[in-house]
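So the structure is just underneath, and the comments pick up after that.
Since the structure is predicted, the reported quantities are computational estimates derived from the model, not experimental observations. Order of the sequence lines sets the chain letters (A, B, ...), proteins ahead of strands, with each chain counted from 1.
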2 protein chains.
Amino acid sequence: MERVDVLNERLSKANLKLTKARKAIWETIASAAEPLSIPQIMNRAKKMCPSLGLVTVYRTLAVMEKAGLIKLFQTKDGSMGYVSSVLAAESHHVQCIICKKVVEFECTGMEDTIRAVEEKTGFCIERHNLELFGICPSCMKKSLQK
Amino acid sequence: MERVDVLNERLSKANLKLTKARKAIWETIASAAEPLSIPQIMNRAKKMCPSLGLVTVYRTLAVMEKAGLIKLFQTKDGSMGYVSSVLAAESHHVQCIICKKVVEFECTGMEDTIRAVEEKTGFCIERHNLELFGICPSCMKKSLQK
DNA sequence: CATCTAATTGAAAAAATTTTTCATTTGGAG
DNA sequence: CTCCAAATGAAAAATTTTTTCAATTAGATG
(Lines give C-alpha, C1' and ligand atoms only; values in the text may rest on other atoms or scores of the structure.)
Protein backbone atom coordinates (compact mmCIF):
# COMPACT_ATOMS: atom_id res chain seq x y z
CA MET A 1 0.00 0.00 0.00
CA GLU A 2 1.29 3.41 -0.98
CA ARG A 3 1.80 6.03 1.65
CA VAL A 4 -0.91 8.21 0.23
CA ASP A 5 -3.38 5.35 0.51
CA VAL A 6 -2.75 5.06 4.22
CA LEU A 7 -3.58 8.75 4.46
CA ASN A 8 -6.67 8.46 2.29
CA GLU A 9 -8.02 5.50 4.20
CA ARG A 10 -7.83 7.22 7.55
CA LEU A 11 -9.14 10.52 6.25
CA SER A 12 -12.13 9.12 4.41
CA LYS A 13 -13.16 7.09 7.45
CA ALA A 14 -13.49 10.40 9.26
CA ASN A 15 -15.23 12.22 6.39
CA LEU A 16 -12.17 14.28 5.69
CA LYS A 17 -10.94 15.28 2.27
CA LEU A 18 -7.69 14.31 0.63
CA THR A 19 -6.32 17.70 -0.36
CA LYS A 20 -3.10 18.87 -1.93
CA ALA A 21 -2.01 20.43 1.36
CA ARG A 22 -2.64 17.26 3.31
CA LYS A 23 -0.84 15.11 0.79
CA ALA A 24 2.18 17.39 0.85
CA ILE A 25 2.33 17.48 4.64
CA TRP A 26 1.85 13.75 4.91
CA GLU A 27 4.57 12.98 2.37
CA THR A 28 6.88 15.35 4.19
CA ILE A 29 6.44 13.71 7.56
CA ALA A 30 6.20 10.13 6.32
CA SER A 31 9.39 10.38 4.31
CA ALA A 32 11.47 12.02 7.03
CA ALA A 33 13.95 10.01 9.03
CA GLU A 34 13.76 12.29 12.04
CA PRO A 35 10.96 14.10 13.86
CA LEU A 36 10.23 17.40 12.11
CA SER A 37 9.42 20.73 13.71
CA ILE A 38 6.53 22.82 12.43
CA PRO A 39 8.78 25.24 10.51
CA GLN A 40 10.57 22.28 8.93
CA ILE A 41 7.28 20.76 7.87
CA MET A 42 6.15 24.10 6.45
CA ASN A 43 9.32 24.59 4.43
CA ARG A 44 9.46 21.11 2.98
CA ALA A 45 5.77 20.74 2.25
CA LYS A 46 5.68 24.12 0.53
CA LYS A 47 7.89 22.69 -2.19
CA MET A 48 5.12 20.28 -3.11
CA CYS A 49 2.32 22.75 -2.49
CA PRO A 50 3.56 26.31 -3.00
CA SER A 51 0.33 28.00 -1.92
CA LEU A 52 0.50 26.27 1.46
CA GLY A 53 -0.08 28.56 4.44
CA LEU A 54 1.25 28.07 7.92
CA VAL A 55 -2.29 28.03 9.30
CA THR A 56 -3.04 24.99 7.24
CA VAL A 57 0.03 23.27 8.60
CA TYR A 58 -1.22 23.78 12.14
CA ARG A 59 -4.70 22.62 11.26
CA THR A 60 -3.48 19.62 9.30
CA LEU A 61 -1.17 18.51 12.06
CA ALA A 62 -4.07 18.65 14.50
CA VAL A 63 -6.24 16.59 12.15
CA MET A 64 -3.55 14.01 11.53
CA GLU A 65 -2.68 13.72 15.18
CA LYS A 66 -6.32 13.08 16.02
CA ALA A 67 -6.51 10.53 13.21
CA GLY A 68 -3.52 8.72 14.67
CA LEU A 69 -1.42 9.34 11.57
CA ILE A 70 1.27 11.33 13.30
CA LYS A 71 2.64 11.68 16.75
CA LEU A 72 4.60 14.26 18.70
CA PHE A 73 8.00 12.89 19.53
CA GLN A 74 10.99 14.07 21.48
CA THR A 75 14.19 14.32 19.48
CA LYS A 76 17.55 13.53 20.98
CA ASP A 77 18.31 17.19 21.60
CA GLY A 78 15.19 17.49 23.71
CA SER A 79 13.03 19.45 21.29
CA MET A 80 9.76 18.13 19.93
CA GLY A 81 8.79 17.15 16.41
CA TYR A 82 6.21 15.18 14.51
CA VAL A 83 6.73 11.70 13.16
CA SER A 84 4.50 9.37 11.21
CA SER A 85 3.04 6.92 13.66
CA VAL A 86 1.95 4.49 10.95
CA LEU A 87 5.41 4.01 9.57
CA ALA A 88 7.34 4.98 12.68
CA ALA A 89 10.27 2.82 13.44
CA GLU A 90 10.60 1.42 16.89
CA SER A 91 12.87 3.35 19.15
CA HIS A 92 15.27 1.79 21.60
CA HIS A 93 17.79 3.90 23.31
CA VAL A 94 19.57 4.39 26.55
CA GLN A 95 20.36 7.88 27.78
CA CYS A 96 22.92 8.97 30.34
CA ILE A 97 21.22 10.99 33.08
CA ILE A 98 24.40 12.98 33.62
CA CYS A 99 25.89 13.85 30.23
CA LYS A 100 22.65 13.21 28.25
CA LYS A 101 24.40 11.07 25.68
CA VAL A 102 22.03 8.76 23.81
CA VAL A 103 23.01 5.32 22.58
CA GLU A 104 20.75 3.18 20.42
CA PHE A 105 20.67 -0.52 20.99
CA GLU A 106 19.19 -3.53 19.33
CA CYS A 107 16.29 -4.67 21.39
CA THR A 108 15.92 -8.36 22.02
CA GLY A 109 14.03 -10.51 24.45
CA MET A 110 10.92 -8.36 24.66
CA GLU A 111 8.61 -11.03 23.29
CA ASP A 112 7.64 -12.49 26.64
CA THR A 113 6.99 -9.12 28.20
CA ILE A 114 4.83 -8.12 25.26
CA ARG A 115 2.92 -11.37 25.21
CA ALA A 116 2.22 -11.03 28.92
CA VAL A 117 0.83 -7.53 28.39
CA GLU A 118 -1.33 -8.70 25.50
CA GLU A 119 -2.84 -11.35 27.73
CA LYS A 120 -3.38 -9.03 30.65
CA THR A 121 -4.85 -6.12 28.66
CA GLY A 122 -6.41 -7.72 25.59
CA PHE A 123 -4.52 -5.31 23.32
CA CYS A 124 -2.98 -6.49 20.10
CA ILE A 125 0.44 -4.88 20.29
CA GLU A 126 2.13 -3.65 17.13
CA ARG A 127 5.24 -1.86 18.25
CA HIS A 128 7.05 -0.47 21.26
CA ASN A 129 9.41 2.18 22.46
CA LEU A 130 11.89 1.39 25.17
CA GLU A 131 13.79 4.18 26.86
CA LEU A 132 16.42 3.25 29.39
CA PHE A 133 18.10 5.70 31.72
CA GLY A 134 21.32 5.25 33.55
CA ILE A 135 24.91 6.33 33.81
CA CYS A 136 27.26 5.92 30.89
CA PRO A 137 30.70 4.33 31.27
CA SER A 138 32.59 7.62 31.08
CA CYS A 139 30.41 9.42 33.63
CA MET A 140 30.64 6.40 35.88
CA LYS A 141 34.42 6.57 35.76
CA LYS A 142 34.43 10.29 36.52
CA SER A 143 32.16 9.93 39.51
CA LEU A 144 34.39 7.22 40.96
CA GLN A 145 37.46 9.43 40.68
CA LYS A 146 36.04 12.15 42.95
CA MET B 1 18.67 12.59 51.23
CA GLU B 2 16.06 15.29 51.17
CA ARG B 3 14.71 16.52 47.88
CA VAL B 4 16.23 19.93 48.35
CA ASP B 5 19.66 18.35 48.84
CA VAL B 6 19.42 16.70 45.45
CA LEU B 7 18.74 20.12 43.99
CA ASN B 8 21.53 21.79 45.93
CA GLU B 9 24.08 19.18 44.98
CA ARG B 10 23.46 19.55 41.27
CA LEU B 11 23.26 23.32 41.38
CA SER B 12 26.41 23.87 43.37
CA LYS B 13 28.38 21.62 41.06
CA ALA B 14 27.50 24.04 38.28
CA ASN B 15 28.15 27.19 40.33
CA LEU B 16 24.47 27.95 40.52
CA LYS B 17 22.69 29.38 43.53
CA LEU B 18 20.01 27.74 45.59
CA THR B 19 17.33 30.42 45.55
CA LYS B 20 13.80 30.63 46.90
CA ALA B 21 12.40 30.51 43.37
CA ARG B 22 14.38 27.42 42.45
CA LYS B 23 13.43 25.64 45.65
CA ALA B 24 9.76 26.38 45.06
CA ILE B 25 9.85 25.19 41.45
CA TRP B 26 11.80 22.10 42.33
CA GLU B 27 9.44 21.15 45.17
CA THR B 28 6.51 21.71 42.86
CA ILE B 29 7.79 19.41 40.16
CA ALA B 30 9.35 16.81 42.43
CA SER B 31 6.19 16.39 44.49
CA ALA B 32 3.81 16.13 41.54
CA ALA B 33 2.46 12.80 40.43
CA GLU B 34 1.94 13.89 36.83
CA PRO B 35 3.92 15.96 34.35
CA LEU B 36 3.16 19.65 34.94
CA SER B 37 2.69 22.33 32.32
CA ILE B 38 4.41 25.68 32.67
CA PRO B 39 1.26 27.48 33.88
CA GLN B 40 0.69 24.71 36.42
CA ILE B 41 4.23 25.04 37.69
CA MET B 42 3.83 28.81 37.91
CA ASN B 43 0.59 28.59 39.89
CA ARG B 44 1.76 26.00 42.34
CA ALA B 45 5.23 27.38 42.90
CA LYS B 46 3.84 30.86 43.48
CA LYS B 47 2.21 29.60 46.66
CA MET B 48 5.66 28.90 48.10
CA CYS B 49 7.27 31.97 46.55
CA PRO B 50 4.65 34.69 45.99
CA SER B 51 6.99 37.10 44.23
CA LEU B 52 7.77 34.49 41.56
CA GLY B 53 7.61 35.76 38.00
CA LEU B 54 6.83 33.72 34.92
CA VAL B 55 10.16 34.66 33.39
CA THR B 56 11.93 33.01 36.27
CA VAL B 57 9.91 29.86 35.73
CA TYR B 58 11.09 29.68 32.12
CA ARG B 59 14.67 30.35 33.10
CA THR B 60 14.64 27.90 35.97
CA LEU B 61 13.16 25.14 33.86
CA ALA B 62 15.92 25.65 31.32
CA VAL B 63 18.56 25.49 34.05
CA MET B 64 17.08 22.39 35.63
CA GLU B 65 16.67 20.63 32.34
CA LYS B 66 20.30 21.28 31.51
CA ALA B 67 21.30 20.04 34.95
CA GLY B 68 19.38 16.83 34.37
CA LEU B 69 16.99 17.51 37.23
CA ILE B 70 13.85 17.60 35.15
CA LYS B 71 12.69 16.27 31.83
CA LEU B 72 10.01 17.11 29.32
CA PHE B 73 7.48 14.34 29.20
CA GLN B 74 4.41 13.58 27.15
CA THR B 75 1.24 13.22 29.20
CA LYS B 76 -1.47 10.77 28.32
CA ASP B 77 -3.53 13.41 26.56
CA GLY B 78 -0.59 14.18 24.27
CA SER B 79 0.45 17.49 25.76
CA MET B 80 3.86 18.03 27.25
CA GLY B 81 4.87 18.66 30.83
CA TYR B 82 7.89 18.58 33.10
CA VAL B 83 8.70 15.80 35.51
CA SER B 84 11.53 15.30 37.95
CA SER B 85 14.00 12.99 36.30
CA VAL B 86 15.73 12.15 39.57
CA LEU B 87 12.65 10.90 41.30
CA ALA B 88 10.60 10.02 38.26
CA ALA B 89 8.63 6.87 38.54
CA GLU B 90 8.92 4.31 35.82
CA SER B 91 6.20 4.42 33.25
CA HIS B 92 4.67 1.43 31.56
CA HIS B 93 1.66 1.82 29.41
CA VAL B 94 0.03 0.59 26.29
CA GLN B 95 -1.87 2.99 24.06
CA CYS B 96 -4.49 2.24 21.43
CA ILE B 97 -3.44 3.76 18.12
CA ILE B 98 -7.08 4.22 17.15
CA CYS B 99 -9.00 5.51 20.16
CA LYS B 100 -5.86 6.69 22.07
CA LYS B 101 -6.92 5.00 25.27
CA VAL B 102 -4.01 4.37 27.64
CA VAL B 103 -3.77 1.40 29.96
CA GLU B 104 -1.03 1.01 32.53
CA PHE B 105 0.41 -2.39 33.16
CA GLU B 106 2.76 -3.98 35.60
CA CYS B 107 6.01 -4.56 33.85
CA THR B 108 7.70 -7.87 34.41
CA GLY B 109 10.38 -9.85 32.67
CA MET B 110 12.54 -6.90 31.62
CA GLU B 111 15.56 -7.98 33.61
CA ASP B 112 17.18 -9.97 30.82
CA THR B 113 16.66 -7.26 28.22
CA ILE B 114 18.16 -4.68 30.57
CA ARG B 115 21.11 -6.84 31.51
CA ALA B 116 21.84 -7.46 27.83
CA VAL B 117 21.86 -3.72 27.15
CA GLU B 118 24.13 -3.07 30.13
CA GLU B 119 26.61 -5.56 28.74
CA LYS B 120 26.44 -4.22 25.21
CA THR B 121 26.64 -0.52 26.08
CA GLY B 122 28.50 -0.41 29.38
CA PHE B 123 25.76 1.74 30.89
CA CYS B 124 24.56 1.15 34.43
CA ILE B 125 20.82 1.29 33.97
CA GLU B 126 18.64 2.77 36.70
CA ARG B 127 15.15 2.89 35.26
CA HIS B 128 13.13 2.50 32.10
CA ASN B 129 10.05 3.60 30.28
CA LEU B 130 8.20 1.17 28.10
CA GLU B 131 5.52 2.40 25.74
CA LEU B 132 3.56 -0.14 23.78
CA PHE B 133 1.27 0.69 20.89
CA GLY B 134 -1.47 -1.46 19.47
CA ILE B 135 -5.17 -1.88 19.09
CA CYS B 136 -7.43 -2.18 22.11
CA PRO B 137 -10.04 -4.93 22.43
CA SER B 138 -12.97 -2.66 21.67
CA CYS B 139 -11.44 -1.08 18.55
CA MET B 140 -10.44 -4.53 17.40
CA LYS B 141 -14.03 -5.68 17.67
CA LYS B 142 -15.30 -2.64 15.78
CA SER B 143 -12.84 -3.07 12.96
CA LEU B 144 -13.88 -6.69 12.50
CA GLN B 145 -17.53 -5.71 12.21
CA LYS B 146 -16.95 -3.50 9.19
C1' DC C 1 28.80 39.32 60.84
C1' DA C 2 29.72 43.02 57.34
C1' DT C 3 31.29 43.52 52.63
C1' DC C 4 31.57 42.43 47.98
C1' DT C 5 30.48 40.39 43.49
C1' DA C 6 28.55 37.61 40.23
C1' DA C 7 24.30 35.27 39.78
C1' DT C 8 19.50 35.81 39.86
C1' DT C 9 15.36 38.15 39.84
C1' DG C 10 10.84 40.66 38.22
C1' DA C 11 8.75 43.89 35.15
C1' DA C 12 8.23 45.63 30.74
C1' DA C 13 8.94 45.22 26.04
C1' DA C 14 9.87 42.59 22.04
C1' DA C 15 9.67 38.54 19.37
C1' DA C 16 7.85 34.29 18.10
C1' DT C 17 4.31 30.99 17.99
C1' DT C 18 -0.41 29.51 17.78
C1' DT C 19 -5.37 30.32 17.20
C1' DT C 20 -9.42 32.68 15.48
C1' DT C 21 -12.13 34.86 12.02
C1' DC C 22 -13.91 35.21 7.54
C1' DA C 23 -14.39 35.38 2.63
C1' DT C 24 -12.94 32.33 -1.09
C1' DT C 25 -11.77 27.92 -3.11
C1' DT C 26 -11.92 22.95 -3.72
C1' DG C 27 -12.81 17.84 -3.27
C1' DG C 28 -15.85 14.55 -4.15
C1' DA C 29 -20.81 12.78 -3.61
C1' DG C 30 -24.77 12.56 -6.34
C1' DC D 1 -21.72 19.00 -14.19
C1' DT D 2 -23.73 20.91 -9.96
C1' DC D 3 -23.75 21.56 -5.36
C1' DC D 4 -22.35 21.84 -0.58
C1' DA D 5 -19.74 20.91 3.27
C1' DA D 6 -15.02 20.87 4.14
C1' DA D 7 -10.79 23.11 3.59
C1' DT D 8 -7.95 26.97 2.47
C1' DG D 9 -5.01 31.42 2.85
C1' DA D 10 -4.59 36.00 4.64
C1' DA D 11 -5.07 39.07 8.28
C1' DA D 12 -5.84 39.88 12.92
C1' DA D 13 -5.91 38.47 17.60
C1' DA D 14 -4.33 35.89 21.36
C1' DT D 15 -0.97 33.41 23.65
C1' DT D 16 3.56 31.91 24.70
C1' DT D 17 8.43 32.60 25.01
C1' DT D 18 12.61 35.42 24.97
C1' DT D 19 15.26 39.60 25.61
C1' DT D 20 16.65 43.63 28.04
C1' DC D 21 17.79 46.06 32.10
C1' DA D 22 17.90 47.91 36.68
C1' DA D 23 17.37 46.09 41.34
C1' DT D 24 17.99 42.32 44.57
C1' DT D 25 20.11 38.30 46.66
C1' DA D 26 23.06 34.10 47.76
C1' DG D 27 26.99 32.91 49.44
C1' DA D 28 32.19 33.42 49.34
C1' DT D 29 35.72 36.12 51.63
C1' DG D 30 37.80 38.60 55.09
Problem - Between OH on residue B:Y82 and NZ on residue B:K71, distance to nearest 0.5 Å - result: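 Atom-to-atom, B:Y82:OH and B:K71:NZ are 11.5 Å apart.
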Problem - A:M64/A:L7 under side chain to side chain contact (heavy atoms under 4.5 Å, CB included): CA gap, chis, key distance, verdict - result: CA-CA 9 Å; A:M64 290 184 178; A:L7 175 66; 3.9 Å; yes
Shorter than 3.5 Å, N or O on both sides, protein versus nucleotides 28-30 of chain D: list them out with atom names.
none

Handout entry: d(CG, A:L61; C1', D:dA7) in whole Å
Key =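 Value for this atom pair: 15 Å.
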Practice task
Return the value, rounded to whole Å, for the distance between atom CZ of B:R22 and atom C1' of C:dA7.
Solution key: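 Atom CZ in B:R22 sits about 8 Å away from atom C1' in C:dA7.
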What's the shortest heavy-atom distance between [X] and [Y], and which atoms?
X	Y	answer
A:C96	B:F123	N-CE2, 3.5 Å
B:L61	B:I41	CD2-CD1, 4.0 Å
B:I70	B:W26	CG2-CZ3, 4.1 Å

Handout entry: side-chain hydrogen bond (donor to acceptor under 3.5 Å, both in side chains) against A:S31, all qualifying residues, sequence neighbours excluded
Key =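 With neighbours one apart ignored, the set is empty.
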Pairs: protein N or O with nucleotides 13-17 of chain D N or O, under 3.5 Å:
| unit_1 | atom_1 | unit_2 | atom_2 | d |
| --- | --- | --- | --- | --- |
| D:dT17 | OP2 | B:Y58 | OH | 2.1 |
| D:dT17 | O5' | B:Y58 | OH | 3.0 |

Practice task
Give the C-alpha distance, both sets of side-chain angles, the deciding distance and a yes or no for salt bridge (Lys or Arg N to Asp or Glu O under 4.0 Å) between A:R3 and A:E27.
Solution key: CA-CA 8 Å; A:R3 269 205 296 254; A:E27 282 300 324; 3.1 Å; yes
Practice task
Flag the pair B:C124 / A:M140 as yes when at least one side-chain heavy-atom distance between them is below 4.5 Å, and no otherwise.
Solution key: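 Contact flag for B:C124/A:M140 side chains = yes.
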Output a table of donor-acceptor pairs, distance under 3.5 Å, between side-chain atoms of residues 45-60 of chain A and any protein atom two or more places apart or on a different chain; print 'none' if there are none.
| unit_1 | atom_1 | unit_2 | atom_2 | d |
| --- | --- | --- | --- | --- |
| A:K46 | NZ | A:L52 | O | 3.0 |
| A:T60 | OG1 | A:T56 | O | 2.6 |

Handout entry: Which nucleotide in D:dT8, D:dG9, C:dT9 has an atom nearest any side-chain atom of B:T60
Key =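 Nucleotide nearest to B:T60's side chain: C:dT9.
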Exercise for the section: Using a 4.0 Å heavy-atom cut-off, write out nucleotides 21-30 of chain C from 5' to 3' as B (base contacted by protein), S (sugar-phosphate only) or - (no contact). Expected result: B----BBS--
Exercise for the section: Would you list the pairs meeting side chain to side chain donor-acceptor pair (under 3.5 Å) in which at least one residue belongs to residues 114-125 of chain A, sequence neighbours left out? Expected result: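 Every candidate side chain to side chain donor-acceptor pair (under 3.5 Å) pair involving residues 114-125 of chain A fails, so no pair, neighbours aside, qualifies.
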